[in-house]
Amino acid sequence: MTIKDKNKIGIIGAGFGGLTTGALLSKQGFTVEIFEKEKILGGRALSLNGTNLTLDNYKKILSRFSMNIPFSDPPLEEIFNNEMLKGFTIDLGFHSIEGGALSNVGRVLLDAGVKVDMVESKLGFIKENSFYFPLISKKDKLRFLPHILLLVLSGESTMKKLDEVSIADMIKRYGKGKMKLILELLPRVTTTVNNLGKISTGEAFRASQSNLRRGSSPVGYPKKGLISISNALADTIRKNNGKIHLNSYVKQIIIENRKTKGVIVDDKNHFFDIVVYNGLVQNLFQIVDEKYFQSSYVAHLKSLYGTGSLCAYYSLEKVKPELFGKSFLFIERDAGVDGKDAVGMIEFVTAVPESGLAPKSNYLVQSYIICTPSEAKSKETLQGLRVMLDKNLEYLLPNYHSFLNWAIYPAVWHLDGVAKTIDNIKPEIQTPIEGLYLVGDGVHSPGIGVNCAVNSASQLVELLTKK
Ligand SMILES: Cc1cc2nc3c(=O)[nH]c(=O)nc-3n(C[C@H](O)[C@H](O)[C@H](O)COP(=O)(O)OP(=O)(O)OC[C@H]3O[C@@H](n4cnc5c(N)ncnc54)[C@H](O)[C@@H]3O)c2cc1C
């Protein structure tokens with residue numbers, strides 16, 4: 001097949017993976033059409049306008065993205081009846097690790113011709129009753145320099161060898177002093193998995209490698225929220241004559257003679273040379289007949305699990321100026337979760353006025369603590385995690401309750417599409433069926449979450465344009 005033969009691309013889903021694929025391919029002259037089942041762009045990188053949001057809509061949309069709100073302060077009804085979210089952009093889905101301007105996301109967006117302004121921050125660490133910043137001091141950097149250089153310069157063959165080594169094993173071998181703390185914290189935040197015995201060293205290092213190489217800030221947040229990224233990608237697609245259909249559920253992927261022919265939307269057939277699926281890989285067989293695939297492939301995709309979290313969004317009347325634009329990690333020992341200890345993060349990158357997420361004189365602080373998908377469905381576990389989130393905010397902002405406007409705690413049991421763990425291997429972009437590809441955070445591509453989603457799009461484009 002030449003490029004000309006595969007000009008018409010149908011994309012299922014307008015998450016970051018689908019939109020990035022659409023922007024990159026339409027820029028290269030492919031004819032792109034995206035079908036998104038929701039009325040909004042962005043998928044799990046949700047941006048909701050607090051001014052128009054109703055409680056009913058909020059609950060409905062969250063439930064469609066594997067989320068609910070187990071707690072809030074005051075009760076949600078009171079928050080909505082008193083219009084307390086007016087002027088806020090409520091983002092769910094990108095807090096946003098490894099997302100600085102020079103990160104994978106930043107680079108792929110530039111490739112797609114999209115410029116999004118980011119607020120960036122570096123990491124600090126919360127310890128009982130206090131905190132320190134930065135997490136890695138100049139002295140640490142000098143001490144770690146040989147290890148960091150080794151990591152940055154390691155080739156893919158070294159990373160592959162490390163794929164089967166768990167971080168727990170790495171800590172046994174190399175984890176002393178501050179290095180131990182770093183190895184306990186960073187792989188957990190970059191994978192959203194607490195159990196160090198399950199995190200693959202190769203995957204965790206690979207996630208940070210390219211960002212370290214470019215010197216990107218550890219945390220980046222798009223100004224005015226995630227919707228800025230989705231809108232900018234959608235603008236690029238439309239500018240390049242691509243089409244995006246919202247509210248358009250793809251009921252079926254059409255396959256004939258083991259080749260992909262198109263999709264069915266609202267009982268109408270749409271024919272394409274290539275179909276790209278951006279939904280959760282576990283759900284692929286809801287819209288394509290299993291009979292076309294080997295049973296081991298079907299069983300593998302269906303068996304994959306994602307990651308979970310309890311998040312907290314705090315609206316505060318004041319924030320200590322020294323915390324502005326900083327992000328803090330914490331570790332809770334014996335937290336009653338898989339892997340025993342739980343890592344979380346509280347970020348003030350969203351509290352800086354330039355983030356544009358909160359109305360005047362309000363400061364939005366976002367946080368999360370990692371758990372497994374099943375823990376994210378257990379109210380009892382979540383109750384304990386909520387106490388940990390609040391306690392750590394209290395260390396940073398003593399007596400914060402006296403200047404809290406509201407707090408909302410969403411729980412998510414499908415944060416990352418497929419957890420990057422040793423026992424949970426992501427499928428490749430190319431499926432066994434000709435002309436059917438997968439993109440998003442559930443496929444085999446560097447990084448997790450948003451980085452994996454945009455990197456998979458870039459890899460697909462490389463694959464399609466190389467042949
Ligand atoms: C609370 C929370 C916090 C997070 N924090 C971070 C973070 O700090 N850093 C980070 O990197 N990542 C984070 N993530 C993960 C990040 O949001 C996701 O990795 C990323 O948005 C996934 O993008 P995607 O394109 O792979 O999939 P999605 O965003 O899930 O997009 C898939 C789209 O496909 C659509 N779709 C599915 N099936 C069909 C169909 N049959 N027809 C039409 N449309 C369909 C869906 O509606 C959806 O819009 C977080 C996620 C959540 C929920």
Side-chain angles (χ1 to χ4, degrees), residues 10-22 34-47 61-62 64-69 90-99 103-105 189-192 207 211 218-221 226 229-230 233 244-253 263-266 275-288 306-313 327 345 347 349-350 366-368 370 373 376 409-420 426 438-443 445 447-457:
I11 300 174
I12 306 167
F16 275 6
L19 287 170
T20 309
T21 306
I34 302 188
F35 301 93
E36 166 55 53
K37 67 181 167 62
E38 302 299 331
K39 291 183 193 137
I40 47 172
L41 291 172
R44 270 169 291 150
L46 278 180
S47 243
I61 188 92
L62 291 193
R64 293 207 291 272
F65 286 102
S66 316
M67 281 182 251
N68 68 13
I69 303 188
I90 307 295
D91 274 353
L92 287 159
F94 183 24
H95 280 249
S96 62
I97 296 294
E98 305 277 15
S103 67
N104 289 312
V105 184
V189 276
T190 52
T191 57
T192 337
N211 287 339
V219 181
Y221 208 93
L226 304 173
I229 296 184
S230 304
L233 288 165
I244 303 173
H245 309 278
L246 294 177
N247 214 4
S248 300
Y249 175 71
V250 172
K251 197 167 88 181
Q252 202 186 318
I253 298 174
V263 297
I264 303 180
V265 182
D266 291 330
V275 170
V276 182
Y277 174 73
N278 174 222
L280 293 174
V281 293
Q282 295 88 339
N283 295 347
L284 176 66
F285 300 104
Q286 290 175 3
I287 59 166
V288 61
T307 65
S309 270
L310 179 71
C311 311
Y313 296 73
S327 303
M345 186 169 142
E347 60 171 314
V349 69
T350 51
Q366 295 190 179
S367 70
Y368 71 100
I370 297 166
Y409 300 79
V412 51
W413 50 94
H414 223 129
L415 187 149
D416 206 9
V418 174
K420 267 201 164 165
K426 294 186 171 195
L438 309 174
V439 291
D441 64 358
V443 304
S445 193
I448 70 133
V450 163
N451 284 309
C452 184
V454 300
N455 280 332
S456 68

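Note that ligands are numbered from 1 as they come in the structure, with each ligand's atoms numbered from 1 the same way. Every value quoted in this text rests on a predicted model; they were computed, and no experiment measured them.
Side-chain contact between Leu62 and Asn68 is absent, with no heavy-atom pair separated by less than 4.5 Å.
Within the structure, the closest approach of Met67 to ligand 1 falls below 4.0 Å when heavy atoms are considered. For Gly417, the closest heavy-atom approach to ligand 1 does not fall below 4.0 Å. For Ser456, the closest heavy-atom approach to ligand 1 does not fall below 4.0 Å. Heavy-atom distances between Ser248 and ligand 1 reach below 4.0 Å in at least one pair.
Counting the atoms of ligand 1 from 1 in the order shown, those under 4.0 Å from a heavy atom of Gly15 are 25 (O), 29 (O), 31 (O), 33 (C). Taking every non-hydrogen atom of Glu38 and a distance limit under 4.0 Å, the qualifying atoms of ligand 1 come out as 47 (O). Residue-ligand proximity, Cys311 to ligand 1, at heavy-atom distances under 4.0 Å covers atoms 1 (C). Those atoms of ligand 1 with a heavy atom of Gly43 less than 4.0 angstrom away are 29 (O), 31 (O), 48 (C), 49 (O). Against a heavy-atom cut-off of under 4.0 Å, Phe35 is close to the following atoms of ligand 1: 43 (C), 44 (N). Against a heavy-atom cut-off of under 4.0 Å, Val412 is close to the following atoms of ligand 1: 1 (C), 53 (C). The Gly440 neighbourhood of ligand 1 comprises atoms 26 (O), with distances under 4.0 Å to a heavy atom of that residue. Each of the atoms 23 (O), 26 (O) of ligand 1 lies under 4.0 Å from some heavy atom of Ala453.
Looking at Asn278 next to ligand 1, an N or O pair under 3.5 Å apart turns up. Residue Leu92 places no N or O, backbone or side chain, under 3.5 Å from any N or O of ligand 1. Of the N or O atoms in Arg44, one or more lie within a sub-3.5 Å distance of an N or O in ligand 1. Among the atoms of Lys37, some N or O lies under 3.5 angstrom from an N or O of ligand 1. Looking at ligand 1, you'll find an N or O of Phe16 within less than 3.5 Å of one of its N or O atoms. Between His414 and ligand 1, no pair of N/O atoms sits closer than 3.5 Å. Looking at ligand 1, you'll find an N or O of Asp441 within less than 3.5 Å of one of its N or O atoms.
Thr20 places no side-chain N or O within 3.5 Å of a backbone atom of Val454 that could act as its donor or acceptor partner. Checking side-chain atoms of Asp441 against main-chain N and O of Gly417 turns up a donor-acceptor pair under 3.5 Å. Formation of a donor-acceptor pair under 3.5 Å by the Thr21 side chain with backbone atoms of Leu19 is not found in this model.
In terms of heavy atoms, Val265 sits closest to Ser248 at CG1-CB, 3.8 Å. Closest of all the heavy-atom pairs between Val443 and Val281 is CG1-CG1, 4.1 Å. Taking both residues in full, the closest heavy atoms of Leu226 and Leu92 are given as CD1-O, 3.7 Å, listed atom of the first, atom of the second, then distance. Nearest approach of Gly447 to Cys452, heavy atoms of both residues: O-CB, 3.2 Å.
A cation-pi arrangement is not found for Lys251 relative to Phe35, the charged atom failing to lie both closer than 6.0 Å to the ring centre and inside a 45° cone about the ring normal.
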**Q.** side-chain contact (heavy atoms from CB on, under 4.5 Å) between Arg44 and Leu280, intermediate numbers included
**A.** CA-CA 11 Å; Arg44 270 169 291 150; Leu280 293 174; 3.6 Å; yes

Q.
Applying side-chain contact (heavy atoms from CB on, under 4.5 Å) to Ile40 and Leu246, what does each step give before you reach the verdict?
A. CA-CA 7 Å; Ile40 47 172; Leu246 294 177; 6.0 Å; no

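Both the backbone and the side chain of Ala45 come within 4.0 Å of ligand 1, counting heavy atoms alone. Within the 4.0 Å heavy-atom criterion, both parts of Val250, backbone and side chain, lie near ligand 1.
Here Thr191 pairs with nothing under the side chain to side chain donor-acceptor pair (under 3.5 Å) rule; sequence neighbours left out. In this view, Phe285 and Phe293 satisfy the ring pair (Phe, Tyr, Trp, His ring centres under 6.0 Å) rule, not counting sequence neighbours.
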